[in-house]
Amino acid sequence: MNGNEDKNHLLIILGITPVIALTDSVVNAAGFGILLIFTFIFSGIIYLPFRGRLKEPTDTFVLLILTATIASILNDFLACHFPQSASNLTLFLPLLAVNSFIVYTLKSYDPQEKKIKYILNHTKKFLICLLLLTITGALREIIGRGRLFEQALLISDPTTYLSLIVYSPPGAFLVMALVLFIYRVLRKK
Amino acid sequence: MNIEVLIFLDALFKKNVVLYHLLGISPFLLYNIKLKESLHTGLIIAAIMVVSNVLTFAAERLFFIPLGFGHLRILFVILSVYFIIYYSKFFLKKFSSELSSLFDNYPEFFYTNYALYGSVFLNRGEGLNFISTIISALGMGTGYLIVLFIFITCKERVDMNKKLSLFSRLSRELVLLGLMSIVFISIILRR
């Protein structure tokens, strides 16, 4: 594998697959993608100045305290202002703290690099993740429930499913495989 | 059927931590782990799941809830599970260097595995008692081990047939996981 392919590999595996469960709707997928970017930027601003000054396991311990604190704040904020979103993301909000893409990206920072530039460069990768997650969420919501953004699109009854298999957990794997296939075809072109 | 048996079977099949809750998938796709190593990794993960569930349950009931530190729950669970994972490596090193080397060779399976952290949050969310928590964690761990073992067996056979490009491989592996998920869910439907 060459360098670029290697980076894309990590981008997809670390950035997208851990949150594949949240692609049951566009709002959940996009919402979590935004929270991921938010956590990365804020953890980066606080953690990067200390990178390289601490030894293991203190370094990882400090990073986890930071990400877990941000996850706790986000959890309380959503529970207070967006209770519906908070209940949809209930399991995954705390797990933001150990998201491998955030941890991997922050730990691979070289102290000689410029901090802001590094954060901005990697935010682009998180935006690609956000885009792929949103597309998967949209496809699952349309094919699975015949709806988009909770609005009737193909069927009007919100309690029925157009394709239960697409909306259920196996569908998350199958639709993600389809999205990656399309992504691959588009990249080749 | 006994309630404990039902909790175990639910955690093993119907609500499998990988195929239903979709936790801990990335290491499956990230590494080309060997079959024997997958067995060892799955066993270690199952053991860590049980230990972390027991310890966090006890600490939460004995200290956190009585002292009113409920708002620090996320921080506490994340840090305590990380420490259990971190010190498991040194504990295993006393018995086998081969087992402890798995932590260095496949770090994503341990340090940032959503299944390990998620199992604690899932069991807390269900409001299970102490015995049920242990049984559920055991079911989740066994479920993780079984899925990992079946997946690696299938993956080895597919990879052996021909050299695949990165995205083809990822797509195929996700389809394989999707099919496994359908099989696991239908096991319970026929129970």
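Quick caveat: nothing in here was measured; it's all calculated off a predicted structure. Naming: A, B, ... by sequence-line order, numbering from 1 per chain.
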Leading residue by heavy atom contact count with chain B [cutoff under 4.5 Å; candidates A/Phe173, A/Phe61, A/Phe181]: A/Phe173
Is the shortest heavy-atom distance from the side chain of [X] to the side chain of [Y] under 4.5 Å?
X: B/Tyr111; Y: A/Thr60; answer: no
X: A/Leu91; Y: B/Leu23; answer: yes
X: B/Leu179; Y: A/Pro170; answer: no
X: A/Leu174; Y: B/Leu174; answer: no
X: B/Thr112; Y: A/Asn99; answer: no
X: B/Ile78; Y: A/Thr67; answer: no

Roughly how far, to the nearest 0.5 Å, is the [atom2] atom of [Y] from the [atom1] atom of [X]?
X: A/Ser72; Y: B/Leu72; atom1: OG; atom2: CG; answer: 7.5 Å
X: A/Ser100; Y: B/Asn113; atom1: OG; atom2: CG; answer: 9.0 Å
X: A/Leu95; Y: B/Tyr117; atom1: CG; atom2: OH; answer: 9.5 Å
X: B/Leu22; Y: A/Thr23; atom1: CG; atom2: OG1; answer: 7.5 Å
X: B/Ile25; Y: A/Ile20; atom1: CD1; atom2: CD1; answer: 5.0 Å
X: A/Met176; Y: B/Leu29; atom1: CE; atom2: CG; answer: 10.5 Å

Heavy-atom contact with chain B under 4.5 Å, split by part of A/Leu93: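 Answer is neither: A/Leu93 stays 4.5 Å or more from chain B.
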Side chain / backbone / both / neither for A/Ile102 at chain B, heavy atoms under 4.5 Å: neither
Is there a path of hydrophobic side-chain contacts, each under 4.5 Å between heavy atoms, that joins [X] and [Y]?
X: A/Leu120; Y: A/Leu106; answer: no
X: B/Tyr82; Y: B/Phe91; answer: no
X: A/Ile41; Y: A/Ile116; answer: no
X: A/Phe40; Y: A/Phe50; answer: no
X: A/Ile73; Y: A/Leu64; answer: no

Other residues, nucleotides, ligands: >12 heavy atoms within 6.0 Å of B/Lys93 NZ: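 Counting neighbours around NZ of B/Lys93, 12 or fewer heavy atoms of other residues, nucleotides or ligands fall under 6.0 Å, so no.
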Chain A contact via B/Val120 - which portion, at a heavy-atom distance below 4.5 Å: neither
Side chain, backbone, both or neither of B/Phe83 within contact of chain A (heavy atoms, under 4.5 Å): side chain
Side-chain donor/acceptor of B/Tyr20 to backbone N/O of A/Pro169, under 3.5 Å: no
